[in-house]
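Each remark here refers to the structure printed beneath this line.
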Amino acid sequence: IPSPTMFQWSLSVQRELPGNFSVEVAYVGSRGDHLWFPRDMNQVPPSLLGVGIAQSNRPFPQYQSITYEGSDGYSHYNGLQFKVARRLAEGLKIQANYTYSRNLNTTSYDYGSGSAPVQNIYNLRAEYGPAAANTPQLFNLTLVYEIPRFVPGAVGRYAARGWQVNNVFHANAGYPFNLGTSINQSGALSNAGNLRPDRVCNGNLGSPGMNEWFNPSCFALPAPFAFGNTGRNVLLGPSFAQWDFSLFKNTYFKTALNERTNVQFRIEFFNFLNHANWGQPNSTIGSASAGVITSAQAPRAIDFGFRFVF
């Protein structure tokens, strides 16, 4: 079995700007070959769907499902990256980056997680589509500021210096999700849940919400003994945005262990604004709750801590 192979290439241009700033623009691409692509090799051929007894039409009728650990999957990634950075000066450090990309593959399966929703093993080209980790747009901002001492004298030496403010903001477009059907009438005897619906219109909504993230009426159950015409991972879920904020108090002093020992008190806010980031919608066509979102990611969390550095 061939080993998975990844080819990567990139081209970048960097420029230093006044004020300790720099900018970088880069193109990054990659191609993966011989990726793990497991599937049921004992599926009924399309020409025999609905003919006679399905079990007897399997390539190996004496067996049920047979998983073939294929290594013929492939992937393509192309991304345009922008980066602006300010190196630490006068207590301030900033870094921001934005990525516009597209990640396509035939399978997002890995040994420990992922999925391999192969609908028709006799038409593997139909499995080529957005990867489960495809993120069309991604933005990150990091800002660290060491607050200057604002009270002079002995009080300022210990109480009013050593404060550090940290901000991390992350936002990305939604991840794709795969549509399935509540029942499998294909007669292919393939693994349950792999049948995709027929697509009769676009399905995206101008103003999606929790109660209807996409239009379920744009998708229909395939006719008996047929496969759906919907591609893999054709719709995107909700976007994500989160601001994490933290405040550190560093107190430095000399000890026998080190001339710059630090006792740090820290308070950290994860999802500082308690912004609701919704989960993926119900993607089972034929279900009464298709298109409905019933979950959300973690709400605000606050941590307090001490750290002794020597």
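What you see is a predicted model, and the numbers here were worked out from it, not measured in a lab. Quick note: residue numbers are just sequence positions, from 1.
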*Between W36 and E69, is any side-chain donor less than 3.5 angstrom from a side-chain acceptor?*
yes

*Identify the residue among L143, L88, N20 that makes a side chain to side chain contact (heavy atoms under 4.5 Å, CB included) with K93.*
L88

_R232 vs S108, test: side chain to side chain donor-acceptor pair (under 3.5 Å). Steps then yes/no._
CA-CA 11 Å; R232 175 173 153 263; S108 295; 3.1 Å; yes

*Of all heavy-atom pairs between L49 and F225, which one has the smallest distance, and what is that distance?*
CD1-O, 3.7 Å

_Over all atoms of both residues, closest heavy-atom pair of F214 and G291_ = CE2-CA, 3.4 Å

*Kindly indicate whether the side chain of K83, heavy atoms from C-beta on, has any atom under 4.5 Å from the side chain of Q95.*
yes

*asked:* So does N250 get a backbone contact from the side chain of N262, meaning a donor-acceptor N/O pair under 3.5 Å?
replied: no

*When the ring centroid of Y74 is compared with that of Y128, is the distance short of 6.0 Å?*
yes

_Tell me if the aromatic rings of F139 and Y98 count as close, with their centers under 6.0 Å from one another._
no

*asked:* Quick check against the 3.5 Å criterion: does R86 have a side-chain atom that pairs as donor or acceptor with the backbone of L92?
replied: yes

*If you group Ile, Leu, Val, Met, Phe, Trp and Tyr by side-chain heavy-atom gaps below 4.5 Å, do I267 and L273 land in one group?*
yes

*Hey, are R196 and E127 close enough for a salt bridge, meaning a charged N less than 4.0 Å from a carboxylate O?*
yes

*Determine, stepwise, if the pair S287 / S289 fulfils side chain to side chain donor-acceptor pair (under 3.5 Å).*
CA-CA 5 Å; S287 167; S289 58; 3.3 Å; yes

*asked:* Closer than 3.5 angstrom, by distance alone: can the side chain of N140 be matched with the main-chain N or O of A96 as a donor-acceptor pair?
replied: no

*Short question: side chain of S10, backbone of Y27 - any donor-acceptor pair under 3.5 Å?*
no

*Between E268 and S246, what is the shortest heavy-atom contact and its length?*
CG-CB, 3.7 Å

*Taking all atoms of both residues into account, what is the closest heavy-atom pair of T67 and P38, and its distance?*
CG2-CB, 4.3 Å

*asked:* To the closest 0.5 Å, what do you measure between CG (N204) and CH2 (W213)?
replied: 10.0 Å

_Sidechain-backbone polar pair: Q43 side chain, I121 backbone, donor-acceptor under 3.5 Å_ = yes

*asked:* I need the minimum non-hydrogen distance between P238 and G279, along with the two atoms involved.
replied: CG-O, 3.3 Å

*Look at the side chain of N178 and the backbone N and O of N233, then say whether any donor-acceptor pair between them is shorter than 3.5 Å.*
yes

_Less than 6.0 angstrom separating the ring centers of W243 and F169, yes or no?_
no

*asked:* Checking the side chain of Q119 only, and the main-chain atoms of G228 only, is there a donor and an acceptor separated by less than 3.5 Å?
replied: yes

*asked:* Please check: side-chain N/O of T5 versus main-chain N/O of S3, any donor-acceptor pairing under 3.5 Å?
replied: yes

*asked:* Quick one: does any side-chain atom of R58 pair with a main-chain N or O of N42 as donor and acceptor, under 3.5 Å?
replied: yes

*Do D244 and R300 sit within salt-bridge range, that is, some charged N less than 4.0 Å from a carboxylate O?*
no

_Nearest heavy-atom neighbours spanning Y175 and A132_ = CD2-O, 3.7 Å

*Counting N and O atoms only, with roles assigned by atom type, does the side chain of N277 sit under 3.5 Å from a partner on the main chain of F240, one being a donor and the other an acceptor?*
no

